[in-house]
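For reference, the structure is listed below as structure tokens.
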Amino acid sequence: MFDLSSYEKLPQSFYNHSDVVHVAKELLGKYVFTNIDGIITAGKIVETEAYCGRNDRACHAYAGRTERTRVMFEKGGVAYVYLCYGIHHLFNVVSNEEGLADAVLIRALEPVWGTETMHIRRGSKVPFSKLTAGPGTLSKALGIHKKHNALDLCGDTLWLARNIEAPAELEIEATTRVGVDYAGEDALLPWRFYIRDHPFVSVKKKKSLT
DNA sequence: GCAATGATTTACT
DNA sequence: GTAAATCATTGCC
């Protein structure tokens with residue numbers, strides 16, 4: 001059975017690491033919790049992508065600080081929620097110090113708590129295996145809304161935790177990121193991480209390699 | 001103030 | 001496999 005007492009909220013210091021790629025890898029196997037309207041949902045992180053605002057053209061913050069991206073320039077430990085294509089909410093974890101726009105995009109989760117609620121939020125009869133397999137769908141399943149943008153991840157509405165009983169070692173695979181072809185050479189950076197052979201990883205196919 | 005576009009998903013051919 | 005849905009952010013007038 002799932003025991004909430006086995007989970008420990010990640011401290012502020014976790015997000016202040018100077019290497020966003022390192023944070024992205026550390027996030028694998030951790031858990032995302034949300035408490036929306038008193039309903040708790042949670043999922044294990046199985047896929048992430050690192051974005052670095054200083055030298056990564058794929059990052060929204062690369063072009064500079066704007067009204068939208070200013071959250072990424074905050075100190076680590078806040079949520080950056082962005083509405084993409086007018087439909088989908090993407091959930092990012094901001095890392096590093098204030099002024100350095102690093103963030104980790106959560107691309108896929110494994111539902112572990114409140115799966116009934118997730119099903120309701122996802123509406124139609126999506127198979128269980130698709131509940132949180134994708135950056136837009138996982139946000140919807142967890143009830144993450146853009147109103148949660150800039151939320152403190154150490155708060156009581158949206159936070160990350162680790163399982164104190166979970167094994168420390170994971171099979172981590174690193175590949176190029178998805179959907180950032182426009183970023184040119186930066187799209188080739190192996191900054192996408194996922195747990196090897198995990199069923200909830202959104203297996204991306206296309207790879208226009210020459 | 002107005003038009004273009006995107007870190008995606010879903011449905012239809 | 002291709003195309004549409006849909007809207008906040010962005011850049012230019």
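Naming convention: chains lettered A, B, ... in sequence-line order (proteins, then strands); numbering from 1 in each chain.
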DNA chain B stem ranges, 3 or more consecutive Watson-Crick or G-U pairs under 3.5 angstrom = B:1-6 with C:7-12, B:8-12 with C:1-5
To which residues is A:M72 joined in a hydrophobic cluster, defined by side-chain heavy-atom contacts under 4.5 Å among Ile, Leu, Val, Met, Phe, Trp and Tyr, whether direct or through other members?
-> A:V71, A:V78, A:Y80, A:Y82, A:V94
Between N or O atoms, less than 3.5 Å apart, protein on one side and nucleotides 11-13 of chain C on the other: list the pairs.
none

So the salt bridge (charged side-chain N to carboxylate O under 4.0 Å, His left out) pairs with at least one residue in residues 145-161 of chain A (sequence neighbours excluded) are A:K9-A:D156
For A:N55, which residues count as a side chain to side chain contact (heavy atoms under 4.5 Å, CB included) partner, sequence neighbours excluded?
-> A:C52, A:W191
Who are the ring pair (Phe, Tyr, Trp, His ring centres under 6.0 Å) partners of A:H89, not counting sequence neighbours?
-> A:H145
Sequence-aligned protein contact record of nucleotides 1-6 of chain C, with B where the base is within under 4.0 Å of a protein heavy atom and S where only the sugar-phosphate is = ----BB
Using heavy atoms and a sub-4.0 Å distance, could you list which residues of residues 92-106 of chain A are near DNA chain C? By number, please.
-> none
Pairs satisfying salt bridge (charged side-chain N to carboxylate O under 4.0 Å, His left out), at least one member in residues 84-104 of chain A, at least two apart = A:R54-A:D102
Please list, chain by chain and in numerical order, all residues satisfying side chain to side chain contact (heavy atoms under 4.5 Å, CB included) with A:I40, sequence neighbours excluded.
-> A:F33, A:N35, A:W113
Name all residues meeting the salt bridge (charged side-chain N to carboxylate O under 4.0 Å, His left out) criterion together with A:R70; count only those two or more places apart in sequence or in a different chain, and write none if there are none.
-> A:E67
Does A:R122 have a side-chain nitrogen or oxygen under 4.0 Å from the phosphate oxygens OP1 or OP2 of B:dT10?
-> yes
So does A:R107 get a side-chain nitrogen or oxygen closer than 4.0 Å to the phosphate oxygens (OP1/OP2) of B:dT8?
-> yes
With sequence neighbours excluded, tell me which residues meet side chain to side chain contact (heavy atoms under 4.5 Å, CB included) with A:F128.
-> A:P111, A:T115, A:L131, A:F200
